[in-house]
Amino acid sequence: MLTVSYIRENTALVKERLTKRGFGQMDKIDEAISLDDTRKVTQNELDQLLAENNKASKEIGALFKQGKRDEATEIQQKVAANKETIKGLQATMDNTKNALNEVLYLIPNVPHESVPAGQTDEDNEVFKTGYETLPELDANASLPHWELAKKYDIIDFETGVKITGAGFPLFKGKGAQLKRALINFFLYEASEAGYLEVMPPHLVNEKSAFGTGQLPDKEGQMYHTRQPKGDDGAFVDDFYLIPTAEVPVTNIYRDEIVNEADFPIRMCGHTPCFRREVGSYGKDVRGLNRVHQFDKVEIVQIAHPDKSYDTLHEMLAHVEGLLNKLELPYRILTLCGGDLGFTSALTYDFEVYSAAQKKWLEVSSVSNFETFQANRLKLRFRNSDGKMQLAHTLNGSALALARIVACLLENHQTPDGIRMPEALKAYTRFEMID
RNA sequence: GGAGAAAUGGCAGAGUGGUCGAAUGCACUGGUCUUGAAAACCAGCGUACCGCAAGGUACCGGGGGUUCGAAUCCCUCUUUCUCCGCCA
């Protein structure tokens with residue numbers, strides 16, 4: 001979330017930039033400031049009364065020691081009177097703070113100045129293309145991946161439905177091996193690029209889900225595991241299945257003060273990702289296009305605020321390198337204000353052209369969150385002036401598995417089978433799926 | 001799942017009702033000394049908020065309570081450790 005002080009100091013800018021997103025609750029900005037005003041005034045009064053009582057308590061102690069009971073009792077009465085007022089002010093304080101937080105939770109991140117205006121994904125701008133001409137498939141080899149999956153018996157959607165339900169595909173034989181090879185390939189490339197490999201938990205607690213901003217914004221999109229404990233409304237095992245490794249990996253640094261010299265902090269990890277995908281029925285859901293569980297290697301960086309946009313472009317280059325090695329035609333889009341995620345300041349999406357489906361599939365999303373996550377995470381560093389400052393967090397998929405598999409199958413199919421790109425052969429240990 | 005113990009600053013660890021935001025040691029930062037380093041010595045060293053400032057307030061796992069006054073007493077929750085049981 002944004003800090004109130006940032007909103008105070010940049011009110012006009014915040015409003016102008018949020019307009020780009022089509023943010024419809026602009027009154028929340030002024031509401032936040034006015035709640036913060038109330039908070040300040042209240043704290044001022046409250047602190048004064050508390051100071052009075054603290055002082056009085058010390059006097060009472062001293063008077064008791066001297067045996068001056070009457071004088072002590074007199075002051076006691078004054079303290080008691082203050083206590084009532086204090087209670088009231090404290091309640092006002094708590095309510096105001098809560099109300100302020102509720103308002104701040106509703107305000108999305110301020111888009112970077114380079115974010116194009118626009119409402120939907122149709123307004124996204126092509127930032128770069130990674131191909132010369134879009135591939136055209138041989139008439140004898142132009143099947144969509146769900147048919148290739150059946151033809152070579154490598155992905156079994158029906159059995160996935162039997163075991164769990166729709167959107168939980170079963171990978172078999174070379175299909176399973178291809179996935180494992182891709183994961184290894186991505187992790188190896190990330191390690192080579194200086195990312196520390198981590199294997200985080202796949203379930204996270206509420207604090208972690210809050211830290212990276214999945215809560216309260218995306219409550220309904222995550223699988224939730226809690227069990228009732230007794231009859232009093234309490235729960236045990238209250239966890240969320242991670243929708244991305246971003247959540248556990250970024251939360252490694254929740255409530256941490258890092259050394260400025262340690263920037264940038266680079267981490268990568270492979271995890272399955274679980275998404276309920278509520279509200280996306282019927283659209284682009286065939287085969288691997290949209291599933292409830294998929295694998296992903298995520299890269300995460302924690303960067304100095306002055307350097308985070310360099311970092312973002314470094315991450316972009318890393319993802320490009322992967323796609324080039326996989327010999328896939330891609331393009332990079334700058335997401336417009338309306339399509340930008342709630343927590344992001346600037347996001348680039350990578351799309352790979354799926355030749356058989358004749359459409360672009362999103363395979364990676366690389367974002368700079370600036371201080372939006374760091375503020376909730378309380379992820380800070382001491383700057384060269386000796387002051388505490390929020391760090392910048394960034395992350396990107398490098399890469400998301402299910403759709404990459406779909407693109408590989410479709411783009412590299414030949415009448416003789418599906419050929420593996422050169423860079424991947426060392427990992428798959430086979431050259432063709434046939 | 002059963003029994004017991006514990007939770008204090010970056011770490012270790014004292015503190016059982018007022019003079020405690022908290023001893024001491026280590027770590028860290030600056031300085032003295034040294035050709036340099038080490039050692040020794042001196043000084044500094046939590047976070048957030050309010051305030052132009054002086055200064056003030058809050059925080060000793062979380063929440064609540066007792067008291068004029070709580071790190072310290074009471075209740076409750078959570079977590080960790082040890083032992084037993086179960087188990088990939």
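Throughout, protein chains are lettered first and strands after them, A, B, ... in sequence-line order, and every chain is numbered starting at 1. Quick note: numbers below take in every heavy atom, side chains included, and nothing from hydrogens, waters or symmetry partners.
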Using a 4.0 Å heavy-atom cut-off across all strands, classify [X] as base, sugar-phosphate, or nothing.
X: N54(A); result: sugar-phosphate
X: A51(A); result: sugar-phosphate
X: R380(A); result: sugar-phosphate

Rounded to whole angstrom, note down the [atom1] distance from [N] over to [M].
N: C68(B); M: G62(B); atom1: P; value: 25 Å
N: A27(B); M: U35(B); atom1: P; value: 25 Å
N: G31(B); M: A7(B); atom1: P; value: 39 Å
N: G46(B); M: A22(B); atom1: C1'; value: 11 Å
N: A71(B); M: U32(B); atom1: C1'; value: 38 Å
N: G17(B); M: G65(B); atom1: C1'; value: 16 Å
N: G21(B); M: G15(B); atom1: C1'; value: 13 Å
N: A6(B); M: U72(B); atom1: C1'; value: 16 Å

Select one nucleotide: of [options], the one nearest the side-chain heavy atoms of [X].
X: K83(A); options: C50(B), G69(B), U47(B); value: G69(B)
X: Q43(A); options: U57(B), C49(B), C68(B); value: C49(B)
X: R39(A); options: C50(B), C68(B), G46(B); value: C50(B)
X: D47(A); options: G51(B), C68(B), G56(B); value: G56(B)

How close or far is atom [atom2] of [N] from atom [atom1] of [X], stated in whole angstroms?
X: N44(A); N: G55(B); atom1: CG; atom2: P; answer: 17 Å
X: K58(A); N: G21(B); atom1: NZ; atom2: C1'; answer: 11 Å
X: I257(A); N: G9(B); atom1: CD1; atom2: P; answer: 13 Å
X: Q66(A); N: U19(B); atom1: CD; atom2: P; answer: 16 Å
X: L50(A); N: C68(B); atom1: CG; atom2: C1'; answer: 14 Å
X: E84(A); N: C68(B); atom1: CD; atom2: P; answer: 13 Å
X: E52(A); N: G55(B); atom1: CD; atom2: P; answer: 19 Å
X: Q76(A); N: G69(B); atom1: CD; atom2: P; answer: 9 Å

Taking only the side-chain nitrogens and oxygens of K97(A), find out if one of them lies under 4.0 Å from OP1 or OP2 of C50(B).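 Indeed not, no polar side-chain atom of K97(A) lies that close.
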For [N], the Watson-Crick or wobble partner whose two distances fall under 3.5 Å:
N: A7(B); value: U78(B)
N: C83(B); value: G2(B)
N: G17(B); value: none
N: U47(B); value: A58(B)
N: A23(B); value: none
N: U32(B); value: A40(B)

5′-ward residue of the pair A62(A)/Q90(A) relative to RNA chain B: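 The 5'-side residue here is A62(A).
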Take F64(A) and D94(A), find for each the nucleotide of RNA chain B with the closest heavy atom, and name the residue whose nucleotide sits nearer the 5' end.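 Its nearest nucleotide being more 5', the pick is D94(A).
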So, do [X] and [Y] have ring centers that fall under 6.0 Å from each other?
X: F274(A); Y: H202(A); answer: no
X: Y240(A); Y: Y223(A); answer: no
X: F239(A); Y: H224(A); answer: no

For T271(A) and I242(A): C-alpha separation, side-chain torsions, deciding distance, then whether side chain to side chain contact (heavy atoms under 4.5 Å, CB included) applies. CA-CA 9 Å; T271(A) 68; I242(A) 56 171; 3.5 Å; yes
Are E314(A) and R266(A) ion-paired here, with the side-chain N under 4.0 Å from a carboxylate O?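 Between R266(A) and E314(A) there is a salt bridge, with a charged N closer than 4.0 Å to a carboxylate O.
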Between E31(A) and K28(A), is there a salt bridge with N-O shorter than 4.0 Å?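 The answer is yes: the pair qualifies as a salt bridge.
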Is it true that the NZ or CZ of K425(A) lies under 6.0 Å from the centre of F430(A)'s six-membered ring and within 45 degrees of the ring axis?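 The answer is no, since K425(A) fails at least one limit relative to F430(A).
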